[in-house]
Amino acid sequence: MPEGPELHLASLYVNKTCEGVVFSGPVRKSEVSKCSDVPFTCEAYRITATSRGKEVKLTLTPLKSDESKQRAKAGQAVQPMDIVFRFGMSGFFRLTREDELPKHAHLRFYSNEKPCRVLSFVDARRFGSWQHNGTWQAGRGPCIMFEYESFRENVMSHLSDRAFDRPICEVLLNQKYFNGIGNYLRAEILFRLNIPPFLPARAVLENLESEDSCENQKPVKNEISDTKKASARTKKSGVKEETADLLRLCHTVPLEVVNLGGKGYDPEKADYSGFEAWLRCYYVDGMTSIRDHNGRTMWFKGDAGPMAPKDSKSPKAKKRAKKEDDHDYTDKKKASRSRRESTTKKKVKQERMTKTPKKAKDTRLKETGSKRKKTEKASDVNTPQPETRSNTRTRKSSAAETIAGPKRRNVRGTR
DNA sequence: CGTCCACGTCTAC
DNA sequence: TAGACCTGGACGG
């Protein structure tokens with residue numbers, strides 16, 4: 001879930017699903033999580049959420065009652081508490097019944113309902129984190145989506161910062177200036193403007209206005225617009241996109257994802273196809289990809305630009321699958337695209353660009369030998385898990401999803 | 001089975 | 001500027 005739009009969608013999800021829900025008791029943490037315990041307990045409290053860039057803040061608000069003194073005495077919270085979350089690569093929130101806790105539910109808030117429900121912070125890879133009594137992380141810039149003017153000002157007034165010595169695609173991941181932009185957004189944004197990703201950032205930015213020249217057109221807003229959208233579609237890349245500059249697209253492109261109304265980037269979910277169809281560049285068949293200086297895959301089309309890594313390594317063009325898992329709240333199915341499929345063309349390109357494909361940082365360790373670490377893993381959730389898939393793993397690729405499942409994607413040049 | 005890859009930070013040499 | 005931190009899906013043998 002984790003770029004600006006997904007974080008914001010997560011906050012909307014919490015506000016929507018937890019509206020009117022009364023939570024009760026202590027906040028509970030999984031055994032495996034290394035994040036701090038959250039010292040909050042209360043007979044009755046509510047949960048609301050806000051987002052800023054790549055962070056979400058939950059506010060736990062105790063309900064009023066006459067006996068606040070007694071409560072305070074009993075160690076119960078009286079004051080609200082804020083908890084600030086970062087999602088890492090895999091974090092999200094989910095409200096479920098207590099007997100259906102998701103795997104990797106590392107922080108949990110229990111309702112006082114009859115069949116109890118639980119709001120969980122779920123994070124398979126555990127790169128996410130939280131901080132109680134937290135504030136927005138110092139050093140992160142204004143939100144690209146909801147603090148647009150100050151975001152823009154913050155960039156334009158700091159162009160002398162050495163941070164802008166780097167290629168534009170790498171600077172776009174600098175959260176001090178682009179709080180909310182992540183790997184798919186940088187690709188989509190640069191693609192819209194046809195900007196070679198490895199142009200020097202300062203050169204790309206220095207001629208932009210400090211104030212948005214498109215000011216009149218106002219932010220994209222959460223307009224669940226009516227019917228005019230259809231026509232706007234047809235003449236896409238009309239005025240708007242052509243006059244919009246890079247900084248403005250850092251604002252509008254993420255808001256497009258919010259307005260898609262799904263979950264954003266989340267291949268596991270049923271409504272991923274809407275997001276997938278929205279992507280024009282990232283992971284799209286026919287586009288080029290190389291690794292930037294930090295080992296992150298940059299997707300683009302055409303010229304890479306002068307600051308491209310010399311020995312440039314292009315990652316293997318892998319395919320991606322969406323699995324049909326349907327336990328979703330909104331089941332709006334769509335025909336799944338088959339856009340990232342054939343790799344034939346890319347292979348040729350790879351041959352040219354690839355020297356020694358460096359391994360993903362992510363995985364390098366395992367392979368370089370270091371044997372298995374000690375940690376005999378405790379169950380992720382301290383709730384007993386029905387350990388259905390023990391070591392007798394069956395390849396499950398054939399059941400459930402054959403109908404419209406992954407097979408589709410592999411359609412090669414059948415055109 | 002093993003390898004590669006993934007929406008992101010962090011901190012240590 | 002490398003690693004470290006993690007799990008799991010897709011794919012290849």
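So you know, we letter chains A, B, ... as the sequences are listed, proteins then strands, and number each from 1.
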message: It should be established whether A/K103 places a side-chain nitrogen or oxygen under 4.0 Å from OP1 or OP2 of nucleotide C/dG8.
response: yes
field: Stem segments of DNA chain B by first residue number [Watson-Crick or G-U, under 3.5 Å, at least 3]
entry: B:1-6 with C:7-12, B:8-12 with C:1-5
field: Under 4.0 angstrom between A/R296 side-chain N/O and B/dA6 OP1 or OP2
entry: no
- request: Flag the pair A/R166 and A/E170 as a salt bridge only when some basic side-chain nitrogen lies within less than 4.0 angstrom of an acidic carboxylate oxygen.
  value: yes
task: Starting at atom CG of A/N294, determine the distance to atom P of C/dC5, rounded to an integer number of angstrom.
output: 19 Å
Length of the CE-P vector between A/M89 and B/dC10, whole Å: 13 Å
task: Could you work out the separation of C/dG9 and B/dT9 based on their C1' atoms and round it to a whole Å?
output: 22 Å
task: Just call it for A/Q137: base, sugar-phosphate, or nothing, with non-hydrogen atoms closer than 4.0 Å on any strand.
output: sugar-phosphate
message: Using whole Å, what does the distance between atom P of nucleotide B/dT9 and atom CH2 of A/W136 come to?
response: 14 Å
statement: Quick note, A/H104 side chain, CB onward, closest among C/dG8, B/dC5, B/dG8 is C/dG8
- prompt: Mind checking whether A/F87 and A/F92 have ring centres under 6.0 Å apart?
  reply: no
message: Under 4.0 Å, counting only non-hydrogen atoms across every strand here, what does A/R186 touch: a base, just sugar-phosphate, or nothing?
response: nothing
- prompt: Side-chain N or O of A/H293 less than 4.0 angstrom from OP1 or OP2 on C/dA2?
  reply: no
field: salt_bridge(A/E147, A/R52) N-O dist < 4.0 Å
entry: yes
message: Is the distance from the ring center of A/H158 to that of A/F164 below 6.0 Å?
response: no
- request: Tell me which nucleotide among B/dG8, C/dG8, B/dA6 gets nearest to the side chain of A/R125.
  value: B/dA6
Atom-pair distance (CD on A/E3; P on B/dT9), nearest Å: 9 Å
Nearest to side-chain heavy atoms of A/F127, which nucleotide of B/dG8, B/dA6, B/dT9: B/dG8
- prompt: Do A/E113 and A/R97 meet the salt-bridge criterion of a basic N to acidic O distance under 4.0 Å?
  reply: no
- prompt: For the pair made of CZ in A/F85 and P in B/dT9, what is the distance, rounded to whole Å?
  reply: 16 Å
field: Between B/dA6 (C1') and A/L185 (CG): distance, integer Å
entry: 15 Å
- request: Go through residues 163-182 of chain A and report each residue with a non-hydrogen atom lying under 4.0 Å from DNA chain B, sorted by number.
  value: A/Q175, A/G182
message: Centre-to-centre under 6.0 Å for A/F40 and A/Y45, is that the case here?
response: yes
Length of the line joining A/Y184:OH and B/dG8:P, which is rounded to integer Å: 9 Å
- prompt: Less than 4.0 Å between a side-chain N and a carboxylate O, is that true for A/D123 and A/K103?
  reply: no
- request: Classify the angle between the aromatic ring planes of A/H293 and A/F198 as parallel (below 30°), tilted (30 to 60°) or perpendicular (above 60°).
  value: perpendicular
task: Answer yes if the ring centres of A/Y184 and A/F275 are under 6.0 angstrom apart, and no otherwise.
output: yes
query: Can you tell me if the side-chain N/O atoms of A/T297 get under 4.0 Å from OP1 or OP2 in B/dA6?
result: yes
- prompt: Does A/F121 have its ring centroid less than 6.0 Å away from the ring centroid of A/H106?
  reply: no
message: Strictly below 4.0 Å: does A/R291 bring a side-chain N or O up to OP1 or OP2 of B/dC5?
response: yes
Report all side-chain donor-acceptor pairs from residues 17-26 of chain A shorter than 3.5 Å, counting only partners two or more places apart or in another chain.
| unit_1 | atom_1 | unit_2 | atom_2 | d |
| --- | --- | --- | --- | --- |
| A/T17 | OG1 | A/Y13 | O | 2.9 |
| A/S24 | OG | A/E43 | O | 2.6 |

Of the listed nucleotides C/dG8, C/dT7, B/dA6, the one nearest the side chain of A/R126: C/dT7
query: When the distance from CD of A/E55 to P of B/dG8 is rounded to whole Å, what number comes out?
result: 13 Å
message: Suppose you measure atom C1' in B/dT11 against the same atom in C/dT7; what distance do you get, rounded to whole Å?
response: 22 Å
